[in-house]
Every structure is written in C-alpha cells, then in structure tokens.
Amino acid sequence: MNESWNDLMKERFLKIGALRSGGQNPWPNDQAPGWTNAGARAAAKGRDPEELAARPIRVDVAGRVMGLRRFGKAAFLVLSDRSGRLQAYLKKDHLGEEAYDRFLKSVDVGDIVWVDGPLFLTRTGELTVEAARFRLLTKAIRPLPEKWHGLSDIETRYRQRYVDLIVNEGVREIFRRRARIVSFLRSFLTTRDFLEVETPMMQTVAGGATARPFVTHHNALDMDLYLRVAPELYLKRLLVGGFERVFEINRNFRNEGIDTQHNPEFTMIEFYQAYATYREMMDLTEEMLSSLATELFGAPKFIYQGETVDFTPPWERLTVAQAAARYGGFPEERLSDEAFLRETAGRLGVKDAATASPGNLLVAIYEEVAEKKIVGPTFVTEYPIDSSPLSRRNDERPEIVDRFELIIRGREIANAFSELNDPVDQRGRFDEQLRKRERGDEEAHFMDEDYLRALEHGMPPAAGEGIGIDRLVMLLTDSPSIRDVILFPQLRKEG
RNA sequence: GAGCCCAUAGCUCAGUUGGCAGAGCAUCUGACUUUUAAUCAGAGGGUCGUUGGUUCGAUCCCAACUGGGCUCACCA
C-alpha cells in the first residue's frame, strides 16, 4: 500500500488482497478472447431475440469495464475493446452464489475482464453476452474519470494520454484516422513506384531547412550531432544514387517555440521524383489530397472549424505578388518597385525592412497581409531566390525559383520545388547562406560539402515536396491544436 | 521570450464581500434478477498547486514560484 494513495485506491488495494487470498492472480496472462465486441455484434446482426434463443451464438470477449450496474442478484457490465463496446449480463442463478459474489465484490469500473457466454437481446434491444464464465484479467488501482463528463482537463489529457484514450472515444478516433491518413499516403506513393526509405535522423550537418537544430553528442566518436530539421539533402543523394522516386515519412526536430501549430518533433512526408518539375508536384498533390479526403469523407470536401474546405481539383494558383496584391489591396505592378516594397514593409513592421532584398521584402509583405487570409487550397508560386537556397532557379527569371507553397486555411501545409541540381549554383547558394550565418542568422543553412560532391556526380532533374503530416491531420480531424493529433505532445516537466 | 487567463475531493464543477469547505458522479454499507448517466436509503472522503506576506484569522487579498491554456514573437 502506497502512502500517497487516496481512499479509492486503498479500497481497490484491499480487493487485490482478497483476490490473492482467494487464490486468484489480479494480473493473469493466460486468457485471450476469441471474439472482438464488433465481431460479436456482426455475428448477431439482424437476428431477433427468438432466433438468438433458438440458435445461440456463443462468444468470449474481453475488455475494460466502462460501466457497472449492480442489481443485487444480477449485474450489467459495459465492456470496451479496440473494436467498440458490448454489454455483459451476470446472473447469480446461472453463475452460482459464491462465484458471483466474489466477482462482484472484486470488480470495479476500469478493470479488464473476460466474459464467455451466449448472446441475447434485452427487452430494450441491447445485444448482451449472458455470462456463463467470467474472469478478472487486470485489476486497476486508479479510478477512471467520471462517466458522464469524462476527462476534460487539458493538461491531464496530454500528460496522461492513456486515460484520455480510455475515456474519450473521439480521441481514439483521431489517432485511428491519423494512421489511416499515413497509410493512404504511403500506398498512394508506393503504387506510383516511389520507394520508401529511411535516412539519418542524427546528422553531422543539419541541412535541408532553415531552423535551429537540437544538438546531441556521440560519446564513442566524441562528436556533436544534430537531430535533423529535414531529410531533404539525404533523399536527394538517393536521386543521385539512382532511386528516381523516393519518399520518407518520419520525424523532424526543430528547436523553436511551441504553440497550437508547432511541436519540437513533428512528422513530415517528403517525396522526390526524377524528371518532374514543381508543376507535376502540384498535379500530384491535388490528386493525392483530394483522393485522401474522398477516402475519409466520401467526397473531397470536409468541415474544418465550422467552415468547408474543398479539395476538388484544380486548385487556385497565385504568385506571391498576386496574393500580396489581392489581400493587401496593392496595385500588383507596384510590388516590383523596390522603394514601394521597402516603404510598405516598414509600415507593416517587417524587421530589416531597410536592408532586406526586394525578394525577401515581397515575401514578408505577402506573409503579413495575405497568407493567413488564404482559405485555399492555393498554390503560391514565384518565390524569390534568396529565400530558397535549394530550389531550382527559373529559366526565364533568374531572381525567382520554381517553387510553391500549398496554403490551406491560412497555413502552410506543403512546400515543393524543382530541385537545384547545378552544383556550381548550389555552392554559390551555400556561400550566400554562410554569409548570412556570419551576419548572425542562426537559421541560415550550413555548407554541406558531401552534398555538393553528390551533386557533382550528377543528380537527375527532379522535383520534391514536403507535407507536414500533423497539420494535414489537424485539418482532416477538425482539430484546433497540433497537440490534439500528437499522442504525446511535448510539455514541461511535471511539477 | 512577452502579455492576459486558469489551478478547490479520484473526475466534472460550485463557493466563501476574509470567520468550521459544498454538489453531482465515483467509493463504502444496505435494498433491488433485462439495466442504459439504473433507482432508493445511509456513510466516509480535502495540505483549496507551492512558498512567503498582510491580518486576530487566508482556500479567498498581495507577491514570487511551478504547471497549463490563449494571444503575440520565432517557425512548419
């Protein structure tokens, strides 16, 4: 008995003692159910009470006791397993006085039990197992939250996700849907001949994105390593190696703030296709996400936070300048005027408005006035070159890159571009990033000599894309916070 | 990192203009053999997040701290 236990827990501990002295193990592991609750329901579907009585279906099921209604000489248990709920009925006449009394003395809501017996329908039509045999499989010491209001304290829901999952069916459904989404994306790409790969999470150079990395240390090698901020540079090495279509679904780590859109570790899918451009990536994305929504909802439309999101292709395509002009109310031609950009950026409070390049000013203005207002899905294109050090330069306009961001409900969901495979241009871009880093930009890219060496071997022309899985799942589960779609979101140490 | 808000029984929540801490569910005892948040009768259960301060007296007022939420900044 633990001193910190409350009265409810002490009460249950006494029951454990009673079980043990009666020769019963409170935590046995020698009984597996032959049926799931949903399987039992399916077997009895359409049968009326007389048919069930005439040709009994005998099932044995196990699950957590979510409800317990005692009536003296009979009792109902509500059992919950991975497939759903099913009611069990225990009758003293059928089970024998001693066994019945002992079981009902020891069992509590929250325990896991096994029940074996024929199915029947109660007067109110509820499918029920009439227990001929039963066993306690797991004794719970802690009580579950209240049956009607459940667990709503947000901190407890995140810290003790196991309790959240036990009592909040909607939470279980979110994570089932998350698994379905990841599985859909995986098979969508696999059937298009993409190879799934795994590349390093611990990298000597944290490349592929602009973000502050986590640092760790390898003792045997006496070497600092970075948790990856993106898999991009490794996946493109694989294009060099001859895997012309690759993808990876895995965690990235970024040492930045935490809020409803950001968790330090988050899941990305990145995919790369040789002989494709960012234009084909738009088509692929439209097809992938609209068919995903159709798979989930039966149509490429769904509700997010009270508003309809429509994934029916084709999606709107806007340049950064067009988006800034439309949502900021500027004449588009003025957005190519450096003085106007500088003045506007300054007025909007953009930092470095006096020194930033015209391209970066335009993006900053777009992000300030337009991005949050775009309902989408919208592909935003024509990003300036200095914000995209790994993207292919546009053939006609060397100041922009062949890149898009996919914006849905004001959030960046995907980022894609035609890949820069010119090793000379790439070295120049890395040099520029190094100069930014020397000026104090902690998020600028590092030089990656091995990546340049790979490019020097020849990377096929290609396009690649990354989609933030957590944000996609938020959209498709109508979740307002990223913590609602990550099983164990990052929190401070418990106080 | 900044601002605002929150922390009371296992859970969901009241409450005290500063004077013995409340409800429902859960638990325990009793009644009850087809219930559905079962019902009925009774009982027990609290370091009011932590530490200080003000006060005759603090769960309540003040401060700091811890944890959480939202907004902003950074970012995807």
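Computed from a predicted model, the values in this text were never measured in an experiment. Order of the sequence lines sets the chain letters (A, B, ...), proteins ahead of strands, with each chain counted from 1.
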Take A:D153 and A:Y158 through the test side-chain hydrogen bond (donor to acceptor under 3.5 Å, both in side chains) and record every step on the way to the result.
CA-CA 9 Å; A:D153 182 80; A:Y158 295 154; over 6 Å; no

Checking A:D448 against A:R237 for the salt bridge (Lys or Arg N to Asp or Glu O under 4.0 Å) test, could you report, in this order, the C-alpha distance in whole Å, the side-chain angles of both residues, the deciding distance, and whether it holds?
CA-CA 12 Å; A:D448 189 334; A:R237 283 173 171 92; 3.2 Å; yes

Let's go through A:F311 and A:F302 carefully: what are the C-alpha distance in whole Å and the side-chain angles of both, what is the deciding distance for ring pair (Phe, Tyr, Trp, His ring centres under 6.0 Å) to 0.1 Å, and is it a yes or a no?
CA-CA 8 Å; A:F311 276 4; A:F302 55 95; 5.1 Å; yes

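Of all nucleotides present, none satisfies the Watson-Crick or G-U wobble test against B:rA14 with each distance under 3.5 Å. Under the Watson-Crick or G-U wobble criterion, with both distances below 3.5 Å, B:rU27 is paired with B:rA43. Under the Watson-Crick or G-U wobble criterion, with both distances below 3.5 Å, B:rC56 is paired with B:rG19. Pairing for B:rG3 goes to B:rC70, judged as Watson-Crick or G-U wobble with the two contacts each under 3.5 Å. Pair assignment for B:rC32 gives none, since no Watson-Crick or G-U wobble pairing has each distance under 3.5 Å.
Which of B:rA76, B:rU36, B:rC70 sits closest to the side chain of A:Q87 comes down to B:rU36. When the nucleotides B:rG67, B:rG69, B:rG45 are ranked by their closest atom to the side chain of A:R492, B:rG67 comes out on top. Listed nucleotides: B:rA73, B:rA26, B:rU34. Nearest to the side chain of A:L8: B:rA26. For A:K105, counting side-chain heavy atoms from C-beta on, the closest listed nucleotide (B:rU29, B:rC28, B:rG67) is B:rU29. Out of B:rG69, B:rC13, B:rC32, the shortest distance to the side chain of A:Y158 is found at B:rG69. The side chain of A:E146 sits closest to B:rC11 out of B:rC11, B:rU36, B:rC32. When each of B:rA76, B:rU12, B:rU35 is scored by its nearest atom to the side-chain atoms of A:L151, the top-ranked nucleotide is B:rU12. The nucleotide whose nearest atom lies closest to any side-chain atom of A:K15 is, among B:rA76, B:rC28, B:rG24, B:rC28. In the set B:rG69, B:rG10, B:rU36, the nucleotide with an atom closest to the side chain of A:N6 is B:rG10. The A:Y89 side chain lies nearest to B:rU34 when the options are B:rC28, B:rU34, B:rA76.
B:rA2 and B:rA64 are spaced 13 Å apart, taking the P atom of each and rounding to whole Å. B:rG3 and B:rU55 are spaced 29 Å apart, taking the P atom of each and rounding to whole Å. Annotation: B:rU12 and B:rA26 have their C1' atoms spaced 11 Å apart (nearest Å). As rounded to the nearest Å, B:rC32 and B:rC70 have C1' atoms that lie 50 Å from one another. Spacing between B:rA43 and B:rU47 at atom P, rounded to whole Å, works out to 22 Å.
Taking side-chain N and O atoms only, A:K147 has a distance below 4.0 Å to OP1 or OP2 of B:rA26. For A:R70 and B:rA38, the shortest distance from a side-chain N or O to OP1 or OP2 is not below 4.0 Å. Residue A:K10 places none of its side-chain N or O atoms closer than 4.0 Å to OP1 or OP2 of B:rG44. Neither OP1 nor OP2 of B:rC32 sits under 4.0 Å from any side-chain N or O of A:K91. Between B:rU12 and A:S152, a contact under 4.0 Å exists linking OP1 or OP2 to a side-chain N or O. Side-chain nitrogen and oxygen atoms of A:R69 include none within less than 4.0 Å of the OP1 or OP2 phosphate oxygen of B:rC32. Contact between the side-chain N/O atoms of A:R12 and the OP1/OP2 oxygens of B:rA26 is not found at any separation under 4.0 Å. Look at A:T156 and you won't find any side-chain N or O under 4.0 angstrom from OP1 or OP2 of B:rG67. Distances shorter than 4.0 Å separate none of the side-chain N or O atoms of A:R411 from OP1 or OP2 on B:rA76. Note on A:S481: every side-chain N or O is 4.0 Å or more away from OP1 and OP2 of B:rG69.
Note: CZ (A:F120) to P (B:rU35) measures 10 Å, nearest angstrom. Taking atom CD1 of A:I154 as the reference point, atom P of B:rC11 lies 15 Å away to the nearest angstrom. Rounded to whole Å, atom P of B:rC11 lies 12 Å from atom CD of A:E155. If you measure from atom CZ of A:R157 to atom P of B:rA7, you get 19 Å, rounded to the nearest angstrom. Look at CE on A:M66: it is 14 Å from C1' on B:rU36, rounded to the nearest Å. Atom-to-atom, CH2 of A:W5 to P of B:rG44 comes out at 25 Å; the value is rounded to the nearest Å. For A:L68 and B:rC28, the CG to C1' distance is 14 Å, given to the nearest whole Å. Distance CG (A:L144) to C1' (B:rC11): 10 Å, rounded to an integer number of Å.
Nearest-nucleotide assignment on RNA chain B puts the 5′-proximal partner with A:D108, out of A:D108 and A:Q261. Along RNA chain B, the nucleotide nearest A:D470 and the nucleotide nearest A:F76 are compared for position; the residue whose nucleotide lies closer to the 5' end is A:F76.
Counting non-hydrogen atoms under 4.0 angstrom, A:L491 reaches the backbone sugars and phosphates but no base. A:G257 comes within contact range of at least one nucleobase, with a heavy-atom separation under 4.0 Å. Note on A:E126: a base of the nucleic acid sits closer than 4.0 angstrom, heavy atoms only. When heavy atoms are screened at a 4.0 angstrom cut-off, A:G150 is found touching the sugar-phosphate backbone but no base atom. Using a 4.0 Å heavy-atom cutoff across all strands shown, A:N415 reaches no nucleic acid atom at all. If you check every strand for non-hydrogen atoms under 4.0 Å, A:N255 touches nothing.
Side-chain N/O atoms of A:D478 and A:Q305 include a donor and acceptor closer than 3.5 Å. Under the 3.5 Å distance criterion, with hydrogens and angles disregarded, no donor-acceptor pair is assigned to the side chains of A:S479 and A:R178. Side-chain contact check for A:T199 and A:R228: at least one donor-acceptor pair (N or O, by modelled atom type) lies under 3.5 Å.
No donor-acceptor contact under 3.5 Å links the side chain of A:T128 to the base of B:rU34. The base of B:rC74 sits within donor-acceptor range of the side chain of A:D259, with an N or O pair under 3.5 Å.
Figure legend: cation-pi geometry between A:R403 and A:Y383, with NZ or CZ positioned under 6.0 Å from the six-membered ring centre and within 45° of its axis.
Sorted by first then second residue, the side chain to side chain donor-acceptor pair (under 3.5 Å) pairs that include residues 123-136 of chain A, not counting sequence neighbours, are A:D30-A:R135, A:Q31-A:R135, A:Q87-A:T128, A:H94-A:E130, A:D116-A:R133, A:T122-A:T124.
The environment of CZ in A:R251 is sparse: at most 12 heavy-atom neighbours from other residues, nucleotides or ligands sit within 6.0 Å. Within 6.0 Å of CZ on A:R392 lie no more than 12 heavy atoms contributed by other residues, nucleotides or ligands.
Applying the 5.5 angstrom centroid cut-off and the 30 degree plane-angle cut-off, the aromatic ring of A:F71 is not stacked upon the base of B:rC32.
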